[in-house]
Amino acid sequence: MSFLKRNGYEYYDLKNILKTRHLEEELTEIKQEFATLPADSYALELNRYRRYGRAVIIPGTGHVQWLPSVRTEEGEMYKYFQGSFNPEYTDSARDFPAISEKMRENRLLNDIILFDYRQTFWREEDLLLPIHAGVHFVKLEVDNEQEIAVSSPNHLHQDGEPFTFAHLVHRQNAEGGGNAIGTPHAAGEIPENVNEKQLLKQMTLTSPLESYGVFDPMVSHYVAPVTKGKEERKGERSMILIDFQPTVCPDPEEISKQLRQGDLMFAD
């Protein structure tokens, strides 16, 4: 049994695990994508920048299939819905700028997604249909000592997706940004305010591709705000976050209700 399955979380050093021939070159491409991230339009005052993409994995194929983005007046977008698990956006769908098409072809990114997927575990019936992967590029960045960059939500929380994996891409001149993993009962609190028995792990990722994964039903997790360090350059913490969830078969009664409300759309 894996440490993740037994304890609800696990640490990984993907630079030593993957060791692909073109890893450094492809990691540089990923860093370049982070340099172009637009500000998170849902939190312009929080110094957070992001892009997003959606993909599926057909069980047994070992292949990542990216879903098409939607072209809007604001550019290419993907929609993200977290249900009731993010108290800042309860039952709200958010539109995020799409990860670039070039980045979706990056071999290292696709290898990371497949590595994460292979750590997950499912019911037999879940593996009859595609497993969905949501890929978030998130950067916390501050230019001066007065600024603070904040993740969402800013406390121990659960995501609602069965699995979430986090991978450090780049960190420079940053204070804070430490991670905490707690019990589900710690959700809604910051680590400083919970009993130490409710904190299972605290760590700060500092090297590229240092990573961790969580099994959502068993734990809550948190990242602390980021402030600028003592150097003259800006402070930055760039992460790839990847969540996985099964294809959900709809409830016939719920479908009938949505039909009566006019909430259903024709397929293309």
Side-chain angles (χ1 to χ4, degrees), residues 2-5 8-37 49-67 69 78 80 96-122 127 130-140 151 159 161-172 177 179 181 203-216 219 221 223 236-246:
S2 71
F3 193 91
L4 175 63
K5 190 173 184 180
Y9 70 94
E10 188 165 1
Y11 168 86
Y12 311 97
D13 182 354
L14 289 198
K15 226 174 188 184
N16 287 326
I17 294 174
L18 295 179
K19 294 183 178 179
T20 59
R21 179 181 177 186
H22 302 285
L23 186 147
E24 291 296 342
E25 175 185 339
E26 292 156 356
L27 181 58
T28 297
E29 287 183 358
I30 293 174
K31 290 179 180 178
Q32 291 170 348
E33 179 89 353
F34 272 87
T36 70
L37 294 191
Y49 303 79
R50 71 192 307 160
R51 289 188 182 276
Y52 178 62
R54 297 198 63 85
V56 294
I57 299 169
I58 308 299
T61 66
H63 176 68
V64 177
Q65 178 65 53
W66 291 89
L67 298 175
S69 56
Y78 278 99
Y80 177 60
F96 291 133
I99 294 170
S100 72
E101 186 172 352
K102 177 182 179 181
M103 187 50 44
R104 288 174 243 165
E105 297 173 354
N106 180 279
R107 288 174 294 182
L108 176 59
L109 176 59
N110 284 271
D111 285 345
I112 291 171
I113 296 170
L114 284 174
F115 172 84
D116 291 352
Y117 168 71
R118 290 174 181 136
Q119 312 314 306
T120 64
F121 36 90
W122 308 91
L127 296 176
I131 300 296
H132 292 252
V135 183
H136 308 251
F137 280 25
V138 181
K139 177 171 65 174
L140 302 179
S151 188
D159 289 327
E161 298 93 357
F163 297 93
T164 298
F165 295 83
H167 307 277
L168 181 68
V169 172
H170 182 60
R171 180 185 173 107
Q172 68 171 33
N179 293 101
I181 298 170
M203 58 187 166
T204 300
L205 307 180
T206 59
S207 300
L209 299 187
E210 275 196 286
S211 312
Y212 70 90
V214 296
F215 179 47
D216 200 68
V219 297
H221 57 101
V223 57
E236 177 186 330
R237 180 182 183 272
S238 296
M239 299 289 298
I240 298 173
L241 308 176
I242 304 174
D243 56 64
F244 294 90
Q245 57 184 321

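In what follows, every heavy atom counts, from backbone to side chain, and hydrogens, waters and symmetry copies are set aside. From a predicted model like this one, the values you see are computed outputs, not experimental measurements.
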Quick one: does Phe165's side chain get under 4.5 Å of Leu4's, heavy atoms only? yes

Taking atom CD of Glu101 and atom CG of Asn106, what is their separation to the nearest 0.5 Å? 13.5 Å

State, to 0.1 Å, how close Thr206 and Leu168 come at their nearest heavy-atom pair, and which atoms those are. C-CD2, 3.4 Å

Which pair of non-hydrogen atoms, one from Leu37 and one from Arg51, has the smallest distance, and what is that distance? CD2-CG, 3.5 Å

Side chains of Leu205 and Met239: does their closest heavy-atom pair fall under 4.5 Å? yes

Does any non-hydrogen side-chain atom of Lys15 lie less than 4.5 Å from one of Ser207? no

Does Glu161 offer a backbone N or O that forms a donor-acceptor pair with the side chain of Asp159 under 3.5 Å? no

Atom OG of Ser151 and atom CZ of Arg237: how far apart are they, to the nearest 0.5 Å? 7.5 Å

Which pairs pass ring pair (Phe, Tyr, Trp, His ring centres under 6.0 Å) with one or both residues in residues 99-121, sequence neighbours excluded? Tyr12-Phe115, Phe121-Phe163, Phe121-Phe215

Passes side-chain contact (heavy atoms from CB on, under 4.5 Å), Tyr212 versus Met203? Steps please. CA-CA 10 Å; Tyr212 70 90; Met203 58 187 166; 3.5 Å; yes

Can you label the angle between the Tyr52 ring and the His136 ring as parallel, tilted or perpendicular, going by 30° and 60°? tilted

What's the shortest heavy-atom distance between Arg118 and Gly62, and which atoms? NH2-CA, 4.2 Å

Candidate pair Asn179 and Tyr11, rule side-chain contact (heavy atoms from CB on, under 4.5 Å), full reasoning: CA-CA 11 Å; Asn179 293 101; Tyr11 168 86; over 6 Å; no

Could you tell me if Lys139 sits above the aromatic ring of Tyr49, with its cationic atom closer than 6.0 Å to the ring centre and no more than 45 degrees from the axis? yes

Taking atom CD of Gln172 as the centre, does the number of heavy atoms from other residues, nucleotides or ligands within less than 6.0 Å exceed 12? yes

NZ/Lys31: more than 12 non-hydrogen atoms of other groups inside 6.0 Å: yes

How close do Ala55 and Val64 get, heavy atom to heavy atom, and via which atoms? CB-CG1, 3.7 Å

Does a side-chain heavy-atom distance below 4.5 Å link Ile112 with Leu18? yes

Begin with the C-alpha distance, continue with both residues' side-chain angles, and end with the deciding distance and a verdict on side-chain contact (heavy atoms from CB on, under 4.5 Å) for Glu26 and Leu109. CA-CA 8 Å; Glu26 292 156 356; Leu109 176 59; over 6 Å; no

Going by atom types alone, do Glu33 and Ser100 pair a side-chain donor with an acceptor below 3.5 Å? yes

Considering all heavy atoms of both residues, which atom of Ile242 and which atom of Ala133 are nearest to each other, and what is their separation? CG2-CB, 4.5 Å

List the steps, then state whether side-chain contact (heavy atoms from CB on, under 4.5 Å) holds for Leu114 with Asn110. CA-CA 6 Å; Leu114 284 174; Asn110 284 271; 5.6 Å; no

Kindly indicate whether the side chain of Ile181, heavy atoms from C-beta on, has any atom under 4.5 Å from the side chain of Val214. yes

So, for Ile99 and Gly53, which heavy atoms are closest and what is the spacing to 0.1 Å? CD1-N, 3.6 Å

